Amino acid sequence: TVIVESYDPNSGIIETTEPLKGYHFGAFESTEAAYSGVDMRGEVLTLSSNVNVTASTDAMSMTPAYPEPYGCQILVSDFFEPSDFTYRYGSLNFDNVAVYNCSQEMTQFAGVKFHYAVKGEKRVTNSAISSGLGRGVLIYNSQNVVLDGNVIHDFLEWGIYGERSTNILVNNNVVNGVRAMNDPEPPYAKWNEIVGGIYLMNSKSYVVSNNIVAVSYTHLTLPTICSV
């Protein structure tokens, strides 16, 4: 991850505050003819915005038992008030929002979590959700969730994880850099659990289209028999 210092929209040239750590290709045409059939072009992902949700990383967010920042989560859920059973429904409409350092390791607390969210509006569009120690987006027992045009980068286990949900749109997202659980002594060239970019199981009436998934063990997992 680097910071872009300037960008020329006419030439497409960008200048960064520090050198890149690897080769980056951004040609207009595929490079497969020059590289034995391999398209080496890269893509710049925008992870910042004027509207930011950022979890704390200071000492107050850590404990001696867990010396890692305990990232927050954005939770959207429906529930009944315990006093009079009034029905409340959660809504979320994010557009061009940057969510950073959210989600928690070895829990179900994702960066953005839809949990039994049925009635309210649920849209995350043109946003960046990045750098957490858990899953990026979790959709569980929810309906009518739209994820469109987002960048979901640098998470553990799954970038987008959905289960037992209905009417889901996952379109035009980039899911990148999904890793296995943190392990002080990880096995060489082996991941002990199934992890990956997009997982959607036991769900119906969904559309998954035009997404890019890179740098993950499994790119896409969908039901064998499904309603799309």
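Note that these values count all heavy atoms, side chains included, but never hydrogens, waters or copies made by symmetry. All of these numbers come straight from a predicted model, not from anything done at the bench.
For the residue pair Val178 and Glu157, the shortest heavy atom distance occurs at CG1-O, 3.3 Å. Closest approach of Phe109 and Thr107 over heavy atoms only: N-OG1, 3.1 Å. Nearest heavy-atom pair, Glu163 versus Asn202, reported as atom, atom and distance to 0.1 Å: OE2-ND2, 3.7 Å. What you find for Leu47 and Ala98 is that their closest heavy atoms are O-CB, 3.6 Å. Nearest heavy-atom pair, Gly136 versus Ile129, reported as atom, atom and distance to 0.1 Å: O-CG2, 4.2 Å. Contact record, Ser209 with Asn211: O-ND2, 2.9 Å, taken as the closest heavy-atom pair.
A distance-only check finds a donor-acceptor pair linking the side chain of Ser165 to the backbone of Ser142 [under 3.5 Å]. Here the side chain of Asp78 pairs no donor or acceptor atom with the backbone of Ala117 at under 3.5 angstrom. The backbone N or O of Glu5 sits nowhere less than 3.5 Å from a side-chain atom of Thr17 that would complete a donor-acceptor pair. Within the 3.5 Å criterion, the main-chain N or O of Leu133 finds a donor-acceptor partner in the side chain of Ser103. Listed for the Ser203 side chain is a donor-acceptor partner under 3.5 Å among the backbone atoms of Met201. With hydrogens and angles disregarded, no donor-acceptor distance shorter than 3.5 Å links the side chain of Thr46 to the backbone of Ser48. No donor-acceptor pair closer than 3.5 Å links the side chain of Ser91 to the backbone N or O of Gly120. When atom types are taken as modelled, the side chain of Asn52 and the backbone of Ser49 share a donor-acceptor pair closer than 3.5 angstrom.
A continuous path of Ile, Leu, Val, Met, Phe, Trp and Tyr side chains, each step under 4.5 Å between heavy atoms, connects Leu147 with Tyr206, placing both in one hydrophobic cluster. Following chains of ILVMFWY side-chain contacts shorter than 4.5 Å, one can reach Val137 starting from Val51, so the two form part of one hydrophobic cluster. In the hydrophobic clustering of this structure, Val207 groups with Val146; members are Ile, Leu, Val, Met, Phe, Trp, Tyr whose side-chain heavy atoms approach within less than 4.5 Å, directly or through other members. Ile139 and Val97 fall within the same hydrophobic cluster, defined by Ile, Leu, Val, Met, Phe, Trp and Tyr side-chain heavy atoms under 4.5 Å apart, directly or through other members. Connection of Leu138 to Tyr116 is established within a shared hydrophobic cluster, with ILVMFWY side chains joined at heavy-atom distances below 4.5 Å, either directly or through further cluster members.
The number of heavy atoms from other shown groups lying within 6.0 Å of OH (Tyr140) is above 12. Heavy atoms of other residues, nucleotides or ligands lying less than 6.0 angstrom from CZ of Phe85 number 12 at most. Under a cut-off of 6.0 angstrom, the local environment of CG in Asn50 is sparse, with at most 12 non-hydrogen atoms contributed by other residues, nucleotides or ligands. More than 12 heavy atoms of other residues, nucleotides or ligands lie within 6.0 Å of CD in Glu81, so this atom counts as buried by the packing criterion.
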Please report the C-alpha distance between Val175 and Ile212 in whole Å, then the side-chain angles of each, then the deciding distance to 0.1 Å, and finally whether the side-chain contact (heavy atoms from CB on, under 4.5 Å) criterion is met.
CA-CA 6 Å; Val175 181; Ile212 298 174; over 6 Å; no
Applying side-chain contact (heavy atoms from CB on, under 4.5 Å) to Val99 and Thr54, what does each step give before you reach the verdict?
CA-CA 6 Å; Val99 178; Thr54 303; over 6 Å; no
Residues Gln104, Gln73; criterion side-chain contact (heavy atoms from CB on, under 4.5 Å); working and verdict:
CA-CA 8 Å; Gln104 298 172 5; Gln73 73 164 342; 5.7 Å; no
Can you check side-chain contact (heavy atoms from CB on, under 4.5 Å) on Ile3 and Glu18, steps first, answer last?
CA-CA 8 Å; Ile3 297 174; Glu18 57 187 276; 5.8 Å; no
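Interatomic distance, CG of Asn101 versus SG of Cys72, reported as 7.5 Å (0.5 Å rounding). Atom CG of Leu169 is separated from atom OG of Ser205 by 12.5 Å, given to the nearest 0.5 angstrom. Rounding to the nearest 0.5 Å places CG of Asn93 at 7.0 Å from CG of Asp95. Rounding to the nearest 0.5 angstrom, the gap separating the CD atom in Gln143 from the OG1 atom in Thr166 is 5.0 Å. Distance check: Glu15 CD to Tyr7 OH gives 13.0 Å after rounding to the nearest 0.5 Å.
A salt bridge between Arg179 and Asp154 is present, with a side-chain N of the basic residue lying under 4.0 Å from a carboxylate O of the acidic one.
Side chains of Ile168 and Phe114 form no contact here, defined as non-hydrogen atoms less than 4.5 Å apart. Put simply, the side chain of Glu105 reaches to within 4.5 Å of the side chain of Leu156, judged on heavy atoms. The shortest distance between side-chain heavy atoms of Asn141 and His115 does not fall below 4.5 Å. Taking the side chain as every heavy atom from C-beta outward, Ile152 and Ile160 approach each other to under 4.5 Å. In this structure, the side chains of Leu200 and Val208 come closer than 4.5 Å at one or more pairs of heavy atoms. A 4.5 Å side-chain heavy-atom check between Leu92 and Val112 finds at least one atom pair inside the cut-off.
The only member of Asp148, Asn171, Asn172 that meets side-chain hydrogen bond (donor to acceptor under 3.5 Å, both in side chains) when paired with Asn210 is Asn171.
Figure legend: Arg135 and Phe155 shown without cation-pi pairing, the cationic atom not lying both under 6.0 angstrom from the six-membered ring centre and within 45 degrees of its axis. Figure legend: Lys122 and Phe94 shown without cation-pi pairing, the cationic atom not lying both under 6.0 angstrom from the six-membered ring centre and within 45 degrees of its axis.
A parallel orientation is assigned to the rings of Tyr161 and Tyr199, their planes being inclined by less than 30° (bins at 30° and 60°).
A donor and an acceptor atom, one from each side chain of Asn150 and Asn173, are located under 3.5 Å apart.
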